[in-house]
Amino acid sequence: MIIENRNFDIKQIAESGQCFRMNPIGQNKYSLIAFDRYIKLKQLDENLIEISCDENDYNNIWERYFHLDFDYGIIVDRLVNGSDNFLKEAALYGKGIRILRQDPFEALISFIISQNKNIPSIKNCIERICEAYGNRKEDTASGIVYYTFPTPDKLAEAKKEDLRSLKLGYRDEYIIEASRAVINGTLNLEALKVCSHDEAVKTLKSIRGIGDKVANCVSLYGLHHIEAFPVDVWMKRVLSEYYNNKFDTENYRGYAGIVQQYMFYYIRHVYGASN
DNA sequence: GTCCAGGAACTCA
DNA sequence: TGAGTTCATGGA
């Protein structure tokens with residue numbers, strides 16, 4: 001499938017820190033493991049991307065995953081024509097970013113792991129947990145072997161020592177407890193998709209190991225509440241240095257998560273983040 | 001050896 | 001409520 005869209009840049013998405021299983025495999029090419037599937041993406045030119053899937057999978061899975069049923073150009077234009085100079089630069093720089101509609105459980109565990117870690121380290125931990133608790137699969141087209149993200153029952157039954165050996169640090173207990181909450185129904189991720197963002201964050205924060213930042217990431221990338229606004233160390237840098245800690249998300253009501261993503265991606269570029 | 005990373009829990013005031 | 005400390009781990 002070849003997709004034409006002026007706001008769809010696979011490199012920007014892969015480096016935007018919202019998903020951890022999209023990796024470069026060559027010039028303008030990336031692999032992605034999501035929903036038990038392995039696909040390749042190739043940026044043919046600025047507005048053209050080739051996805052290694054058929055029309056059926058595109059319509060049922062990837063169009064939703066990449067939020068291609070929404071026009072990001074409207075948001076970018078609004079920011080570029082607005083009065084906020086930092087956001088003007090940020091939106092232009094990251095105009096190919098999209099908010100991914102990831103599997104909620106994968107987002108939940110991934111962002112629990114993410115706390116106090118840098119992105120390469122998060123990726124390593126996630127690959128180890130997939131190899132240990134996910135299913136081994138082989139992509140029929142390429143013959144590439146990959147591992148799916150573990151299901152909640154696998155991680156709910158995991159032993160703390162086994163997780164600790166995967167170098168997850170103190171997060172091992174958080175992962176087990178969160179998975180058990182999903183299994184026993186305390187944490188109903190599907191229900192959190194259809195309730196409000198505020199309600200979702202409140203529920204997520206009732207789980208040990210999930211604070212405001214992780215809850216907002218899960219809400220944004222796993223539950224697709226695009227009004228979520230995660231603030232990590234990079235975002236704190238932006239808010240402090242460019243806004244004197246007076247940034248008001250109400251000015252971007254309903255799509256603050258997209259604005260946040262442009263800010264995050266741009267500030268890391270400004271500081272020359274190599275990870 | 002020191003500092004930092006898409007933080008959160010805990011303690012103490 | 002708010003500041004300070006601790007928690008594993010790897011990389012710069």
Side-chain angles (χ1 to χ4, degrees), chain A residues 12-23 90 93-94 97-100 102-104 106-129 131-132 158-179 181 187 197 200-243 245 247 249 256-275:
Chain A
Q12 292 182 5
I13 294 169
E15 294 177 355
S16 69
Q18 49 177 319
C19 70
F20 303 103
R21 305 196 77 194
M22 192 181 295
N23 292 304
Y93 185 71
I97 296 174
R98 314 188 71 83
I99 303 296
L100 303 178
Q102 302 182 62
D103 173 72
E106 178 169 342
L108 173 72
I109 301 302
S110 294
F111 282 97
I112 287 176
I113 291 173
S114 79
Q115 60 183 259
N116 212 26
K117 278 185 168 300
N118 56 32
I119 292 173
S121 177
I122 299 164
K123 286 186 170 187
N124 289 333
C125 285
I126 289 175
E127 285 313 312
R128 280 196 293 269
I129 211 172
E131 284 183 26
K159 287 191 175 132
K160 183 178 161 185
E161 312 84 72
D162 294 339
L163 284 177
R164 187 57 67 98
S165 71
L166 299 178
K167 308 295 184 186
L168 300 167
Y170 60 89
R171 304 160 191 82
D172 48 11
E173 286 183 338
Y174 298 161
I175 291 167
I176 293 171
E177 284 182 31
S179 301
L187 190 57
H197 160 68
V201 165
K202 189 179 163 190
T203 304
L204 286 164
K205 285 173 73 174
S206 70
I207 306 292
R208 213 165 69 92
I210 301 183
D212 206 54
K213 191 269 170 182
V214 170
N216 270 272
C217 283
V218 176
S219 184
L220 182 56
Y221 310 125
L223 306 172
H224 206 67
H225 292 304
I226 60 172
E227 65 268 43
F229 194 79
V231 178
D232 70 326
V233 292
W234 291 98
M235 285 300 294
K236 280 179 184 162
R237 222 162 264 166
V238 174
L239 300 183
S240 150
E241 292 183 19
Y242 292 88
Y243 296 95
N245 289 318
F247 186 80
T249 57
I258 298 176
V259 172
Q260 175 272 158
Q261 204 59 27
Y262 295 144
M263 290 172 142
F264 176 81
Y265 183 67
Y266 185 59
I267 194 65
R268 283 169 52 83
H269 160 70
V270 169
Y271 274 80
S274 58
N275 53 54

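Lettering of chains follows the sequences in order, A, B, ..., and the numbering in each one begins at 1.
- If you take CD1 of A:Ile175 and C1' of C:dA8, they are 12 Å apart, rounded to a whole angstrom.
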Q: Show your working on side-chain contact (heavy atoms from CB on, under 4.5 Å) between A:Arg98 and A:Gln12 and close with a plain yes or no.
A: CA-CA 9 Å; A:Arg98 314 188 71 83; A:Gln12 292 182 5; over 6 Å; no
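- Between the CD atom of A:Gln102 and the C1' atom of B:dG6 there is a distance of 13 Å, given to the nearest Å.
- Remark: P of C:dG11 and NZ of A:Lys167 are 11 Å apart, rounded to the nearest angstrom.
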Q: Decide side chain to side chain donor-acceptor pair (under 3.5 Å) for A:Asn124 and A:Lys167; before the verdict, give the C-alpha distance in whole Å, the side-chain angles of both, and the deciding distance to 0.1 Å.
A: CA-CA 9 Å; A:Asn124 289 333; A:Lys167 308 295 184 186; over 6 Å; no
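- For A:Arg237, counting side-chain heavy atoms from C-beta on, the closest listed nucleotide (B:dG6, C:dA8, B:dA5) is B:dA5.
- Once the 5.5 Å centre distance and the 30° plane angle are applied, the aromatic ring of A:Phe264 is found stacked with the base of B:dG6.
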Q: Can you check each nucleotide of nucleotides 8-13 of chain B against protein heavy atoms at under 4.0 Å and return B for base, S for sugar-phosphate only, - for none, in 5' to 3' order?
A: SSS---
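- For A:Tyr265 and B:dG6, a side-chain-to-base donor-acceptor distance below 3.5 Å is absent, hydrogens and geometry of angles not being considered.
- With rounding to whole Å, A:Asn116 atom CG is found 6 Å from B:dG7 atom C1'.
- To the nearest 0.5 angstrom, A:Cys125 atom SG is 13.0 Å from A:Ile112 atom CD1.
- Put simply, CG on A:Leu220 and CD on A:Gln102 are 9.5 Å apart, with the number rounded to the nearest 0.5 Å.
- Applying the 4.0 Å criterion to OP1 and OP2 of C:dA8, one finds that A:Arg164 has a side-chain N or O inside that range.
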Q: Could you give me the CA-CA distance, side-chain angles and deciding distance for A:His225 and A:Ser219, then say whether side chain to side chain donor-acceptor pair (under 3.5 Å) is met?
A: CA-CA 6 Å; A:His225 292 304; A:Ser219 184; 4.6 Å; no
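- Note on A:Ser121: nothing from the nucleic acid sits closer than 4.0 angstrom, heavy atoms only.
- Among the heavy atoms of the strands, none lies under 4.0 Å from A:Glu173.
- Residue contacts shown for A:Tyr221 include a base, since a base heavy atom lies under 4.0 Å away.
- One atom, CH2 of A:Trp234, and another, C1' of B:dG7, lie 16 Å apart when rounded to the nearest Å.
- Base contact: A:Ser16 has a heavy atom under 4.0 Å from a base atom.
- With hydrogens and angles ignored, the 3.5 Å screen pairs no side-chain donor or acceptor of A:Ser110 with any backbone N or O of A:Ala107.
- Classified by interplanar angle (parallel below 30°, tilted 30° to 60°, perpendicular above 60°), the ring pair A:His269/A:Tyr266 is tilted.
- A:Lys117 comes within 4.0 angstrom of a nucleotide base, judged by non-hydrogen atoms across all strands.
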